[in-house]
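Residue numbers start at 1 and run along the sequence shown. When a ligand or atom number is given, it counts from 1 through the structure's own listing order. Not measured: the values here are computed from a predicted model.
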Amino acid sequence: MDIEIKDLEVKIKDKTVLKGFNLNIKKDEIHVIMGPNGVGKSTLSKVIMGSSDYKVVKGDILVNKKSILNLTTDERARLGIFLQFQNPIDVEGVTNQEFLKMAINCRRETPIGLYDFIKELETNYKDLNFPKEMMHRSINQNFSGGEKKKNEIIQMKTLKPEFLILDELDSGLDIDSLKLVCENVLEYKKESKCSILLITHYSRILKYLKPDFIHIVTGCKVVKTGDYTLAQEIEEKGYKVFESSAKKQEEEKIYE
Ligand code: ADP
Ligand code: MG
C-alpha cells in the first residue's frame with residue numbers, strides 16, 4: 001500500500017499539532033518517526049486512522065493515490081490500515097477471540113469457518129509465545145504492558161493489514177519479547193509486502209527492523225529525513241540541534 005501525507009495540518013480543539021507535515025511511504029518500506037514528547041507523533045497515527053478527536057484543517061492523506069479523509073475509521077480498517085496503539089485500551093466483556101472473529105469477517109465476503117479460524121489463532125498465539133487460553137479473556141483486561149503489545153501483534157497477524165502503524169511497539173516489552181515481536185513483524189512483512197510506519201524513542205528496535213528511512217519530527221512537521229545512521233546521531237546529540245537548524249531554515253525563508 002502506498003501512503004502519501006501531503007501538507008497536513010491538524011488541530012485538537014484550538015491547538016495546532018501538525019502543520020506542513022509531509023511523508024511518503026511506499027509498499028514494502030519501513031519508515032520511522034522519532035521526535036520529542038508531545039510533538040504529534042501519536043496524533044498523526046490517530047489522524048491516519050480517522051479519529052474524530054482531531055480536525056484536519058489542511059492537506060490530504062492519500063492511500064494508493066486516493067484520499068481517505070472522507071472515510072470512517074471502520075472503512076479505513078477495511079482498506080487494510082492497522083494501528084497498534086501506544087496505549088491499547090481494555091475492552092471488558094468482549095474476548096480476544098470474539099473480537100478477532102468479528103474483525104476478520106468484516107474484511108471477508110463469506111465468514112471464516114470455525115476450524116480455519118481456530119487454527120489460525122492458535123498458530124498466531126504460538127508464534128508470539130502467548131498462552132492460547134488468553135484468547136478467551138476480555139481484550140487487554142489485566143494484561144501487562146508487554147502482553148498488550150503482543151496482543152496487538154496477534155491482532156495484526158490475524159487481520160493481515162497492508163499498512164501497519166506501530167506506535168511505540170517497543171515500550172513495555174522485555175528484550176526477548178521485543179526480539180520475538182520484531183521477528184513476527186518482519187516475517188509478516190516478507191509475506192505480505194506491507195508498508196510500515198513505526199514511532200519510537202529508541203534505536204534498539206531499529207536494530208531488528210532495519211528501517212529504510214528515519215524522519216525527525218519537531219515543531220509540527222518532519223524536519224529531517226535520513227537513513228538508519230540518523231538514529232545514532234539523535235542518540236548522541238538529542239533533538240535540540242535539529243530543532244534549532246529547522247528554526248533557522250524557517251527564519252531564512254521568511255527573510256528571503
Ligand atoms: P507524541 O508525539 O508524544 O505522541 P501526541 O500526538 O500524543 O504526542 O500529542 C501531541 C500534543 O497534543 C500534546 O501536547 C498532547 O497533550 C496534545 N493532545 C493529544 N491528544 C489530545 C486530546 N485528545 N485533547 C487535547 N490535547 C491532546
Ligand atoms: Mg505518542
Side-chain angles (χ1 to χ4, degrees), residues 3 5-23 25 30-61 68-69 72-73 76 81-91 140 143-146 148-153 155-156 163-173 178 181-182 185 196-206 209 211 213-226 230-231 233-235 237-247:
I3 299 93
I5 299 168
K6 277 166 71 176
D7 196 23
L8 195 69
E9 184 169 334
V10 173
K11 282 190 172 172
I12 305 169
K13 296 172 189 131
D14 280 334
K15 181 183 159 141
T16 301
V17 182
L18 300 172
K19 193 174 180 181
F21 194 101
N22 292 293
L23 187 63
I25 304 173
I30 303 184
H31 289 243
V32 174
I33 285 184
M34 302 182 84
N37 298 127
V39 292
K41 303 182 299 298
S42 294
T43 298
L44 175 73
S45 64
K46 289 186 221 163
V47 167
I48 296 174
M49 214 59 233
S51 163
S52 54
D53 291 348
Y54 307 90
K55 206 162 128 206
V56 174
V57 291
K58 198 177 161 195
D60 210 344
I61 303 174
I68 57 164
L69 287 187
T72 61
T73 297
R76 296 180 200 207
I81 306 175
F82 177 89
L83 169 60
Q84 168 257 304
F85 287 98
Q86 181 174 354
N87 302 305
I89 49 159
D90 307 4
V91 186
N140 291 331
F143 282 27
S144 74
K148 286 184 185 180
K149 295 292 163 89
K150 282 190 181 180
N151 205 31
E152 300 262 295
I153 297 306
Q155 288 176 13
M156 175 212 89
F163 176 37
L164 315 183
I165 309 169
L166 306 172
D167 193 353
E168 299 199 18
L169 176 61
D170 42 358
S171 74
L173 286 173
L178 177 65
V181 161
C182 287
V185 169
I196 299 180
L197 175 62
L198 169 77
I199 296 165
T200 188
H201 287 297
Y202 306 106
S203 57
R204 198 172 68 195
I205 190 172
L206 308 180
L209 291 186
F213 299 97
I214 293 184
H215 310 277
I216 299 179
V217 173
T218 69
C220 303
K221 61 175 178 240
V222 175
V223 293
K224 191 172 168 94
T225 293
L230 197 50
E233 220 180 309
I234 296 167
E235 207 129 285
K237 302 180 189 163
Y239 291 113
K240 283 273 177 308
V241 16
F242 299 103
E243 272 168 18
S244 47
S245 77
K247 230 183 225 158

How far does CD1 of Ile61 sit from CD1 of Ile81, to the nearest 0.5 angstrom?
8.0 Å
For Tyr54, all residues meeting side chain to side chain donor-acceptor pair (under 3.5 Å), sequence neighbours excluded
Lys46
Is a salt bridge present between Lys148 and Asp90, judged by a nitrogen-to-oxygen distance below 4.0 Å?
yes
What distance do Lys15 atom NZ and Thr43 atom OG1 have between them, rounded to the nearest 0.5 Å?
8.5 Å
Above 12 or not: heavy atoms from other molecules or residues under 6.0 Å from CZ of Phe85?
no
With no hydrogens and no angle check, is any side-chain donor or acceptor of Asn140 less than 3.5 Å from a backbone partner on Ile89?
yes
Checking Lys224 against Thr218: is there a side-chain donor and acceptor pair closer than 3.5 Å?
no
First-shell residues of ligand 1 [heavy atom, distance under 4.0 Å]:
Ile12, Lys13, Lys15, Val17, Asn37, Gly38, Val39, Gly40, Lys41, Ser42, Thr43, Tyr54
Counting only heavy atoms not in Tyr239 (residues, nucleotides, ligands), do more than 12 fall under 6.0 Å from its OH?
yes
Please indicate how many protein N/O/S atoms are found closer than 2.8 Å to the Mg ion (ligand 2), with waters neither displayed nor included.
2
With sequence neighbours left out, which residue pairs that include part of residues 47-61 fulfil the salt bridge (charged side-chain N to carboxylate O under 4.0 Å, His left out) condition?
Asp7-Lys58
